[in-house]
2 protein chains.
Amino acid sequence: MSKILPPGDQRRLDDLLSRFTDDAQHMIGYPGTHIIDFSPLAPFLEFFLNNIGDPYSASTFRLNTHEFEREVVTWFKQILRAGETDVRGYVTGGGTEGNMYGMYLARELLPGGIVYYSEDTHYSVAKILRMVNARSIMIKSRPDGEMDYDDLMRTLHLHRDVPPIIFANIGTTMRGAIDNLETIKTILKDLAIARSYIHADAALSGMILPFVDDPQPFGFDAGIDSIAISGHKMPGCPMPCGVVLARQAHIDRIARSVEYIGTSDMTVAGSRNGLTPLFLWYVIKTLGHEGFRDIIAECTAISDYAIAQFKAHGITAWRHKNSLTVVFPRQAENTLKKWQVATQGKDAHLITMPHVTRNHVDQFITDLVAATRKTETQKTAIPA
Amino acid sequence: MSKILPPGDQRRLDDLLSRFTDDAQHMIGYPGTHIIDFSPLAPFLEFFLNNIGDPYSASTFRLNTHEFEREVVTWFKQILRAGETDVRGYVTGGGTEGNMYGMYLARELLPGGIVYYSEDTHYSVAKILRMVNARSIMIKSRPDGEMDYDDLMRTLHLHRDVPPIIFANIGTTMRGAIDNLETIKTILKDLAIARSYIHADAALSGMILPFVDDPQPFGFDAGIDSIAISGHKMPGCPMPCGVVLARQAHIDRIARSVEYIGTSDMTVAGSRNGLTPLFLWYVIKTLGHEGFRDIIAECTAISDYAIAQFKAHGITAWRHKNSLTVVFPRQAENTLKKWQVATQGKDAHLITMPHVTRNHVDQFITDLVAATRKTETQKTAIPA
């Protein structure tokens, strides 16, 4: 029996690697990145690792990295300001699993509750809400992408008989807007709503706000019940993963003892990646809190550099406070495609993740301006 | 800013690698395995790959392996006997996501339908059903782990006004029992039930039955609507993943029902692992159909060897036809723990995955018999 990849297939792999090398140099529109070299962890590909079940329970199956996963969770608890609050969590397969976990906990705690989320919320949330079969109402967004609190207030007022579940964006996907947790809590209080749940989708900003001087409210100290953060965004893991944290009292409601794996499974996924907690642990231990502070400061400087360069070329670009998402008017589709820039309606954005340099920004704006001029020249050239 | 892992932490990684090397040599109880060397794919850890969205749709973000994923899906369509049936699918993060996808499709197609599943079904299914908020009834199992068809018939009869969703085990987790799809279809026909849905959880056996001479019914030719298979079980991927396939007509109906989300994203997870489809593609291309046939034949021979060795030591062990799960009476807990053997009630099992050799079987049975004798001697030694 042959155990060697046929030469034609090997060539395809080589081509793929070469294509990725080029594509990675033209990727300024998505919040993935590459901060450190993970190749020292390659030897772990030799094992069929599986972090099945709760990282806090012992398991019969030992090829897991639960110990490292717990340290990752502890680190996130600290940066997310859990303080003395009893909070637990685990490493997920990505943002969707984390948000689904939050919505599942919320629906179990407040059966029949209505989920409120802004129209700038990532499309996957509507999918999640349909999957978990939760009632929901989409709230208007303000022009800058933040939730329209007047609409939230009016809508909550109409449904005061039903417990609300707030799905708050701590950094929207397209415009990096942060829903104001203090304002939301004030509205709930003003309406004398006693039972509610707040989940924070902090996919990218959950790894920015802990490392800036004057963050908007974002953590457990701001009254959230659960939070999801992506591991493949700012921490730069080479494959999708994330961390979800929730108040222990909520988790206890859904955990159930399971004899087969000899553990109490509080997770959404059963079998879980054993390598991703190791990636997260590795990047945390290598960079540390100070390392991330330096990285966020540099990324912010490059955001401002991009805005200045756009302005120098007559293009209005902007970003929210503490956001690396630089929004500019959609134009020159082929250039946006070349640089893998996401668009929505009339907006486009670039995100100054750690791998994005001033040189990338210069090249992109040069391309964009040239393409836009060319289009305008062509338009002018059409005989009237 | 230091970008080097502190020496103490590096030591912990080294220790972990060394522990895994030992633990992997004492792992005969779970269906994970290691067939081929995946280290040639390690260079792909350099990129932030993300297979976000449907593998059949074009994406602005190019650091994906959609092309390879589609080939993996096509290969699984063929081994799962889709024939001319229009079937699609994608690479999941594991069995739970695949089963959740099947239950989500079923619930959308048959709103208010009741899910029927046997008591030998994996514990995660009850969790999934709770998450997707589906009505369900647990059906009794026969002593050998297969669904009790009399109980299924009687229970369906009581609820003929509600469309049934059958969750069939093509290989139960603990005893490798295969629910008989022909019998289930006959029951549905006898009760004149016109609308129904059958999902197959073929986590392990979905990669066994296509490679044996006389398989039980398991594929699309047997009338299933969707199926989930694990990629970290028989294909031996080093991290959890899987493949889910469903009839295109079902996926299309869901597509319409979620149109308001404004996306064609038919996956459960949003961001998805880009490396796991590459692992699956790599193992498929390296081993091919014939390679898997040889592997399954050898694993089956080792199953029979294990049963014979148990018998030679006075222990009754057994397996289902076309199963590699060897069931024996639970005993000597510490030995079971040493060998990472799963237990449930009075049963224990070993699974002769490709990495399990005759030598492993001999060592384990020697350990087990010695420990059991020791316990019996201690019991006898207690003064009457």
Side-chain angles (χ1 to χ4, degrees), chain A residues 1-6 9 17 20 23-24 27 29-30 32-34 36 38-39 42-45 47-50 60-63 93-97 104 123-124 126-127 130-133 232 236 238-240 258-260 269-275 282 285-287 291 294 337 340 342, chain B residues 1 3-6 9 17 20 23-24 27 30 32-34 36 38-39 42-45 47-50 60-63 93-97 104 123-124 131-133 173-174 232 236 238-240 258 261-263 265 269-275 282 285-287 291 294 337 340 342 344:
Chain A
M1 176 181 56
S2 154
K3 281 203 176 191
I4 292 163
L5 190 68
D9 290 323
L17 206 53
F20 284 158
D23 281 340
M27 212 295 283
Y30 286 87
T33 199
H34 190 257
I36 60 168
F38 286 110
S39 61
F44 288 95
L45 289 177
F47 303 98
F48 33 98
L49 304 184
N50 191 334
T60 320
F61 179 79
R62 287 192 298 273
L63 292 162
T96 297
E97 185 181 343
Y104 174 47
Y123 66 83
S124 62
K127 186 172 66 177
R130 194 166 178 107
M131 287 197 69
V132 305
N133 215 3
H232 54 290
M239 58 191 74
V258 175
E259 195 182 14
Y260 176 72
S271 288
R272 292 189 299 110
N273 201 311
L275 207 52
Y282 189 78
K285 290 289 182 180
T286 302
L287 295 176
D294 293 345
K337 205 172 163 188
Q340 304 175 63
Chain B
M1 175 180 57
K3 282 202 175 191
I4 292 161
L5 191 68
D9 291 322
L17 205 55
F20 283 157
D23 281 340
M27 212 296 284
Y30 286 86
T33 198
H34 191 257
I36 61 169
F38 286 110
S39 61
F44 288 95
L45 289 177
F47 302 100
F48 34 97
L49 304 184
N50 191 334
T60 321
F61 179 79
R62 289 192 297 274
L63 292 162
T96 297
E97 186 182 342
Y104 174 47
Y123 67 85
S124 62
M131 285 196 70
V132 304
N133 215 3
T173 313
M174 198 58 207
H232 53 289
M239 57 191 75
V258 295
I261 297 173
T263 175
D265 187 4
S271 287
R272 294 188 297 110
N273 200 312
L275 208 52
Y282 189 77
K285 290 288 181 181
T286 302
L287 295 176
D294 293 346
K337 204 171 163 188
Q340 302 174 67
Q344 193 170 60

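Proteins get letters first, then strands, A, B, ... in listed order; numbering begins at 1 in each.
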* Are the side chain of A/Arg62 and the backbone N or O of B/Ala24 linked by a donor-acceptor pair below 3.5 Å? -> no
* **Sidechain-backbone polar pair: B/Ser271 side chain, A/Gly94 backbone, donor-acceptor under 3.5 Å** => no
* Picking from B/Gly236, B/Gly32, B/Gly95, B/Ala42, which has the most non-hydrogen pairs under 4.5 angstrom with chain A? ->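 Heavy-atom pairs under 4.5 Å are most numerous for B/Gly32.
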* Asked: chain A: which of B/Val132, B/Thr33, B/Thr96, B/Leu275 shares the most heavy-atom pairs with it under 4.5 Å?
  ->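 So the answer, after comparing B/Val132, B/Thr33, B/Thr96, B/Leu275, is B/Thr33.
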Working to the nearest 0.5 angstrom, can you tell me the gap between [X] [atom1] and [Y] [atom2]?
{"X": "B/Asn50", "Y": "A/Met239", "atom1": "CG", "atom2": "CE", "value": "11.5 Å"}
{"X": "B/Ile4", "Y": "A/Leu287", "atom1": "CD1", "atom2": "CG", "value": "11.5 Å"}
{"X": "A/Phe47", "Y": "B/Phe20", "atom1": "CZ", "atom2": "CZ", "value": "7.5 Å"}
{"X": "B/Leu5", "Y": "A/Ile36", "atom1": "CG", "atom2": "CD1", "value": "8.0 Å"}
{"X": "B/Thr60", "Y": "A/Met27", "atom1": "OG1", "atom2": "CE", "value": "11.5 Å"}
{"X": "B/Leu45", "Y": "A/His34", "atom1": "CG", "atom2": "NE2", "value": "8.5 Å"}

* **Residue B/Leu49 versus chain A: region with a heavy atom under 4.5 Å** => both
* Can you name the ring-ring contact (aromatic ring centres under 6.0 Å, His included) partners of A/Tyr104, sequence neighbours left out? ->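 So A/Tyr104 forms no ring-ring contact (aromatic ring centres under 6.0 Å, His included) with any residue.
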* Asked: In chain order, what residues pass the ring-ring contact (aromatic ring centres under 6.0 Å, His included) check against B/Tyr282, with sequence neighbours excluded?
  ->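 For B/Tyr282, no residue satisfies ring-ring contact (aromatic ring centres under 6.0 Å, His included) once neighbours in sequence are set aside.
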* Asked: Are A/Asn273 and B/Asn273 side-chain neighbours, meaning at least one heavy-atom pair lies under 4.5 Å?
  ->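 Yes; the side chains approach each other to less than 4.5 Å.
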* To do: Below 4.5 Å from any heavy atom of chain B, which atoms of A/Leu63 appear? Answer side chain, backbone, both or neither.
  => both
* Asked: Among A/Glu97, A/Lys285, A/His232, which residue forms the greatest number of heavy-atom pairs with chain B at distances under 4.5 Å?
  -> A/Lys285
* Asked: What residue, out of A/Ala342, A/Gly93, A/Ser39, A/Ala269, has the most heavy-atom pairs lying under 4.5 Å from chain B?
  ->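 Result: the option with the highest number of such pairs is A/Ala269.
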